[in-house]
*Asks:* 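Supplied in structure tokens, the structure appears directly below.
This structure is a prediction, so every number in the text was calculated from the model and none was measured. All heavy atoms count here, side chains included; hydrogens, waters and symmetry mates do not.
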Amino acid sequence: KRECNVFQPMLQATGRALPTGRRGFSTAIVGAGFSGLIAALHLKRRGIEDFTIFESEERIGGTWQKNTYPGVACDTPAPAYSIQGVPTNWSGERPSGAEIRQHLEDTAINHDLMRHIRFNTDVEQARWNEDTKQWDVSTLEKTQKSSEKIQFNSLVSAVGQLNVPKVPRYDGLSNFKGDLFHTAEWDHGVSLEGKHVGMIGAGPSALQVAPYIAENAKELKLIQRTVPYVVSQFYEEWSKERQELHRKDPSKVEDIRKAQFDEMEEMYPVMFIGDANTRLAEDIKSAMRAALPPSLHARAIPDYPLGTKRMGFSPKLLTADGTETNVYFETLKRPNVELVRDSISEIEGTGVRLASDGGFLELDALIMATGFHSTKFVQPLEVIGGQGQTLNEAWNGVPRGFYGMMMPQFPNFYMIYGPGTNLGQNTVIYNIESSSNYIAQCVEFLEQGRCAKVEISEKAMDEYYSEYRTELSKTAWAVEGVDSWYKTQQGVVVNQSPYSVVEYARRTATVNENDLVLS
């Protein structure tokens with residue numbers, strides 16, 4: 001570790017990216033979803049105003065801007081899915097995706113972040129310049145098709161893990177003649193009325209949009225290779241009077257948020273293979289058997305350890321006889337819905353050929369609820385570090401980072417919601433806040449003139465990563481033989497954190513300078 005003072009002319013912080021030339025101790029943030037806005041808020045809280053947020057879309061929102069399919073919502077109750085210290089005015093515990101996106105925009109407006117944002121701008125490449133001790137950031141403004149190269153002292157990737165839709169390479173996919181689109185690229189110009197619709201996938205988007213499709217289409221075939229554990233979740237809707245009470249007294253929502261946090265954090269031990277995991281799995285499967293008819297049990301109830309794949313949640317309902325069920329289960333019971341437990345061998349012009357027996361499903365529309373390229377972190381941004389190596393080359397197929405934030409040989413580069421920071425028991429917003437707090441401290445080293453480069457040391461990275469993999473091996477996510485979006489194609493878990501939210505916050509609350517190389 002070496003400390004030094006770097007004397008560079010400090011430009012007045014304008015919050016607007018300059019087209020060329022050197023700047024003050026400036027920071028580029030890529031992405032204007034939850035991660036990007038939280039990163040910006042933490043910089044502002046430390047008095048750092050010279051930052052620019054690059055957003056590829058025309059509006060704020062991240063995944064909530066991209067996903068507009070019917071029924072899109074957040075499974076996590078809204079008070080817990082909120083930024084600490086930022087007032088909210090949720091309509092209830094399960095707001096729509098549009099309401100969440102609007103909340104993010106309101107947050108940006110109320111906290112003076114809009115002037116920092118460049119919309120419709122892709123960051124295509126960032127290359128570390130050792131001579132200037134800055135990142136050369138290449139951008140493309142999409143409306144004017146204009147390219148720029150801008151210098152920044154620090155670079156923060158806030159693109160998230162669920163930003164690039166994934167469509168499996170099915171044989172014959174391009175031959176399909178009907179309507180074809182991904183849930184994250186929902187075609188609102190397509191009517192499903194009277195159509196035979198197939199949907200591939202069993203994740204949250206599939207569970208949320210299936211009821212809409214079933215209500216509008218003539219027939220819905222849900223094609224699922226594996227099925228999720230599905231929990232019936234009660235979400236409270238709030239009256240106008242209660243919303244007004246929350247607006248006048250934000251502490252009311254804060255109390256709810258704290259209670260929900262504690263309740264979710266109590267689930268942490270369940271993420272590890274053991275008695276707690278087994279007991280809860282049996283409880284959930286028992287509830288599923290009670291809510292579903294026997295004809296669906298073999299097809300709809302999972303046969304793998306709980307937590308290995310992402311759990312599903314659906315709004316709780318009660319049947320006429322008082323049986324607990326949910327919106328998704330009631331959709332499965334509809335006469336025009338069939339759950340097809342199978343893989344796909346080929347897609348043809350008019351439908352889908354199944355793998356097990358060669359059966360054919362004739363379809364007018366095919367919807368991909370197949371998730372995202374979740375293990376390809378920072379995509380589509382290309383990051384080239386101090387040794388001329390890209391981040392992907394340094395990872396060599398296994399994305400990683402010091403508590404998901406930093407990599408050796410990539411000075412002043414940080415990731416939010418990076419490798420090893422996703423959760424199974426709680427909302428990831430808390431980890432995003434912890435990461436942002438840590439990163440803001442690192443950026444502050446430059447602002448204080450203490451150094452020009454902040455890097456994580458090889459020693460700190462190796463020690464962390466060794467412990468990380470050891471702890472991760474004890475979890476349900478690491479169970480072999482079950483695919484999930486947490487794993488690479490080689491079956492290595494790279495998304496999940498084996499630490500509780502409280503423990504992750506404790507470890508990242510204050511930067512330990514012994515972990516860093518300051519120069």
*Asks:* Salt bridge between E49 and K44, side-chain N to carboxylate O under 4.0 Å?
*Replies:*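 The answer is yes: the pair qualifies as a salt bridge.
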
*Asks:* Would you find a donor on one side and an acceptor on the other, under 3.5 Å apart, between the side chain of Q243 and the backbone of W238?
*Replies:*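 Checking the backbone N and O of W238 against the side chain of Q243, a donor-acceptor pair under 3.5 Å is found.
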
*Asks:* Count the heavy atoms belonging to other residues, nucleotides or ligands that lie under 6.0 Å from NZ of K285, then report whether that count exceeds 12.
*Replies:*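 It does: K285 NZ has more than 12 such atoms within range.
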
*Asks:* For W90, check side chain to side chain donor-acceptor pair (under 3.5 Å) against everything at least two apart and list the hits.
*Replies:*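 By the side chain to side chain donor-acceptor pair (under 3.5 Å) rule, W90 matches S82.
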
*Asks:* Please report the shortest heavy-atom distance between A202 and P228, naming the atom on each side.
*Replies:*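 Closest approach of A202 to P228: O-CG, 3.5 Å.
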
*Asks:* Is it true that a side-chain atom of E105 and a backbone atom of R59 form a donor plus acceptor pair closer than 3.5 Å?
*Replies:*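 A pair under 3.5 Å: no.
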
*Asks:* Do N437 and E433 get their side chains close enough for a donor-acceptor pair, meaning under 3.5 Å?
*Replies:*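 Side chains of N437 and E433: no pair found under 3.5 Å.
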
*Asks:* Quick check for you: to the nearest 0.5 Å, what is the distance between E193 atom CD and N216 atom CG?
*Replies:*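 Spacing of CD (E193) from CG (N216) equals 4.5 Å.
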
*Asks:* So for atom CD, which belongs to E124, do other residues, nucleotides or ligands contribute more than 12 heavy atoms lying within a distance under 6.0 Å?
*Replies:*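 Correct, the count exceeds 12.
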
*Asks:* Are the side chains of S232 and T325 in touch, meaning some heavy atoms are under 4.5 Å apart?
*Replies:*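 Counting from C-beta outward, S232 and T325 never come under 4.5 Å.
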
*Asks:* With distance as the sole criterion, is a donor-acceptor pair present between the side chains of N422 and Y417 under 3.5 Å?
*Replies:*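 On atom types as modelled, these side chains qualify, holding a pair under 3.5 Å.
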
*Asks:* Do you know which two heavy atoms are closest between P70 and V209, and how far apart they sit?
*Replies:*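 Minimum heavy-atom separation between P70 and V209: O-CG2, 3.4 Å.
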
*Asks:* Assess whether a salt bridge exists between K66 and E57, defined as any Lys/Arg side-chain N lying under 4.0 Å from an Asp/Glu carboxylate O.
*Replies:*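 The answer is yes: the pair qualifies as a salt bridge.
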
*Asks:* Can you name the residues that form a salt bridge (Lys or Arg N to Asp or Glu O under 4.0 Å) with K376, not counting sequence neighbours?
*Replies:*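 Expected list: none.
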
*Asks:* Count the heavy atoms of every other residue, nucleotide or ligand shown that sit under 6.0 Å from NZ of K142, and state whether that count exceeds 12.
*Replies:*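 Result for NZ/K142: enclosed.
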
*Asks:* For the pair D179 and K195, find out whether any cationic side-chain nitrogen is under 4.0 Å from an anionic carboxylate oxygen.
*Replies:*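 Yes.
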
*Asks:* Hey, could you give me the CG/CZ distance between N89 and R247, rounded to the nearest 0.5 Å?
*Replies:*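 Output value for this atom pair is 7.5 Å.
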
*Asks:* Does some side-chain heavy atom of M114 sit less than 4.5 Å from a side-chain heavy atom of I60?
*Replies:*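 I60 reaches M114 side chain to side chain.
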
*Asks:* Between the side chain of H116 and the main-chain N/O of F51, is any donor-acceptor distance below 3.5 Å?
*Replies:*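 Present.
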
*Asks:* Going by atom types alone, do T475 and Q496 pair a side-chain donor with an acceptor below 3.5 Å?
*Replies:*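 Note: T475 and Q496 side chains miss the donor-acceptor criterion.
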
*Asks:* Roughly how far, to the nearest 0.5 Å, is CG of L339 from OG1 of T331?
*Replies:*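 T331 OG1 to L339 CG: 12.0 Å, rounded to 0.5 Å.
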
*Asks:* Within the side chain of Y468, is there an N or O that forms a donor-acceptor pair under 3.5 Å with the backbone of S497?
*Replies:*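 No; judged by distance alone, with no hydrogens or angles, the pair does not exist.
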
*Asks:* Is H182 reaching over with its side chain to a backbone N or O of A184, donor-acceptor style, under 3.5 angstrom?
*Replies:*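 Between the backbone of A184 and the side chain of H182 there is a qualifying donor-acceptor contact (under 3.5 Å).
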
*Asks:* So, the side chain of S314 versus the backbone of Y328: is there a donor-acceptor pair under 3.5 Å, distance only?
*Replies:*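 Checked: pair present.
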
*Asks:* In this structure, are over 12 heavy atoms from other groups packed under 6.0 Å from K218 atom NZ?
*Replies:*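 No, the 6.0 Å shell around NZ holds no more than 12 heavy atoms from other groups.
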
*Asks:* Given side chains that start at C-beta, do those of T226 and D483 come closer than 4.5 Å, heavy atoms only?
*Replies:*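 No; the side chains remain at least 4.5 Å from each other.
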
*Asks:* Do R341 side-chain atoms and R299 backbone N/O form a donor-acceptor pair below 3.5 Å?
*Replies:*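 The answer is yes, because a donor-acceptor pair under 3.5 Å joins these two groups.
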
*Asks:* For a quick test of reading the model, state the closest non-hydrogen atom pair linking F313 to Q233 and the distance between them.
*Replies:*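 Distance-wise, the nearest heavy atoms are CD2-OE1, 3.9 Å.
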
*Asks:* Only one of R94, K316, R242 forms a salt bridge (Lys or Arg N to Asp or Glu O under 4.0 Å) with E236, so which one is it?
*Replies:*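 Output: one option passes, namely R242.
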
*Asks:* With a 3.5 Å distance limit and no angle check, can you tell me whether H246 reaches the backbone of T88 through a side-chain donor-acceptor pair?
*Replies:*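 No; judged by distance alone, with no hydrogens or angles, the pair does not exist.
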
*Asks:* Please confirm whether the backbone N or O of A369 pairs with a side-chain atom of T183, one donor and one acceptor, at under 3.5 Å?
*Replies:*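 A pair under 3.5 Å: no.
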
*Asks:* Per the ring pair (Phe, Tyr, Trp, His ring centres under 6.0 Å) rule, which among Y414, F413, Y464 passes with F402?
*Replies:*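 That would be Y464.
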
*Asks:* Would you say V501 and L423 make side-chain contact, with heavy atoms under 4.5 Å?
*Replies:*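 Touching, per the 4.5 Å side-chain cut-off.
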
*Asks:* Does V86 offer a backbone N or O that forms a donor-acceptor pair with the side chain of H111 under 3.5 Å?
*Replies:*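 It does not hold such a pair.
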
*Asks:* Can we say R507 and E503 salt-bridge, meaning some charged N sits less than 4.0 Å from an Asp/Glu carboxylate O?
*Replies:*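 A salt bridge links R507 with E503.
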
*Asks:* To the nearest 0.5 Å, how far apart are CG in N163 and OG in S35?
*Replies:*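 OG of S35 is found 10.0 Å from CG of N163.
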
*Asks:* Would a 4.5 Å heavy-atom cut-off, applied to side chains only, mark T76 and V428 as touching?
*Replies:*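 The answer is no, as the side chains (C-beta and beyond) never meet within the 4.5 Å cut-off.
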
*Asks:* So how far is it from I367 CD1 to I200 CD1, rounded to the nearest 0.5 Å?
*Replies:*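 Nearest 0.5 Å value for the CD1-CD1 distance: 10.0 Å.
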
*Asks:* For residues M415 and G401, report the shortest heavy-atom separation together with the two atoms involved.
*Replies:*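 For M415 versus G401, the nearest heavy atoms are CE-CA, 4.4 Å.
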
*Asks:* Do the side chains of E282 and R279 get close enough for a salt bridge, i.e. N-O under 4.0 angstrom?
*Replies:*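 Between R279 and E282 there is no salt bridge, as every charged N stays at least 4.0 Å from the carboxylate O atoms.
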
*Asks:* Under a plain distance cut-off of 3.5 Å, with no hydrogens placed, do E141 and T139 share a side-chain donor-acceptor pair?
*Replies:*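 Short answer, no.
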
*Asks:* Just wondering, are more than 12 heavy atoms of other shown residues or ligands nearer than 6.0 Å to CZ in R225?
*Replies:*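 Result for CZ/R225: open.
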
*Asks:* The test is salt bridge (Lys or Arg N to Asp or Glu O under 4.0 Å); show your working for K240 and E244 and say whether it passes.
*Replies:* CA-CA 6 Å; K240 293 294 184 183; E244 181 63 16; over 6 Å; no

*Asks:* For the NE2 atom of H42 and the CD1 atom of I439, what is their distance to the nearest 0.5 Å?
*Replies:*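 The CD1 atom of I439 is 10.0 Å from NE2 of H42, to the nearest 0.5 Å.
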
*Asks:* Which word best sums up how the rings of H103 and F34 line up, parallel for under 30°, tilted for 30 to 60°, or perpendicular for over 60°?
*Replies:*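 Tilted.
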
*Asks:* Decide whether E93 and Q260 meet the rule of one side-chain donor and one side-chain acceptor closer than 3.5 Å.
*Replies:*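 Side-chain D/A pair, E93 to Q260: present.
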
*Asks:* Is there side-chain contact between Y504 and T421, with heavy atoms separated by less than 4.5 Å?
*Replies:*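 Yes. Closest side-chain heavy atoms under 4.5 Å.
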
*Asks:* Quick one, F181 and V167 - any side-chain contact, counting heavy atoms below 4.5 Å?
*Replies:*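 SC-SC contact between F181 and V167 ruled out.
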
*Asks:* Answer with yes or no whether the side chains of E471 and Y499 bring together a donor and an acceptor at under 3.5 Å.
*Replies:*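 Side-chain D/A pair, Y499 to E471: absent.
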
*Asks:* Take Y430 and F261, measure what ring pair (Phe, Tyr, Trp, His ring centres under 6.0 Å) needs, and give me the verdict at the end.
*Replies:* CA-CA 9 Å; Y430 296 114; F261 171 88; 4.7 Å; yes

*Asks:* Side-chain contact, heavy-atom cut-off 4.5 Å: M267 with L280?
*Replies:*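 Touching, per the 4.5 Å side-chain cut-off.
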
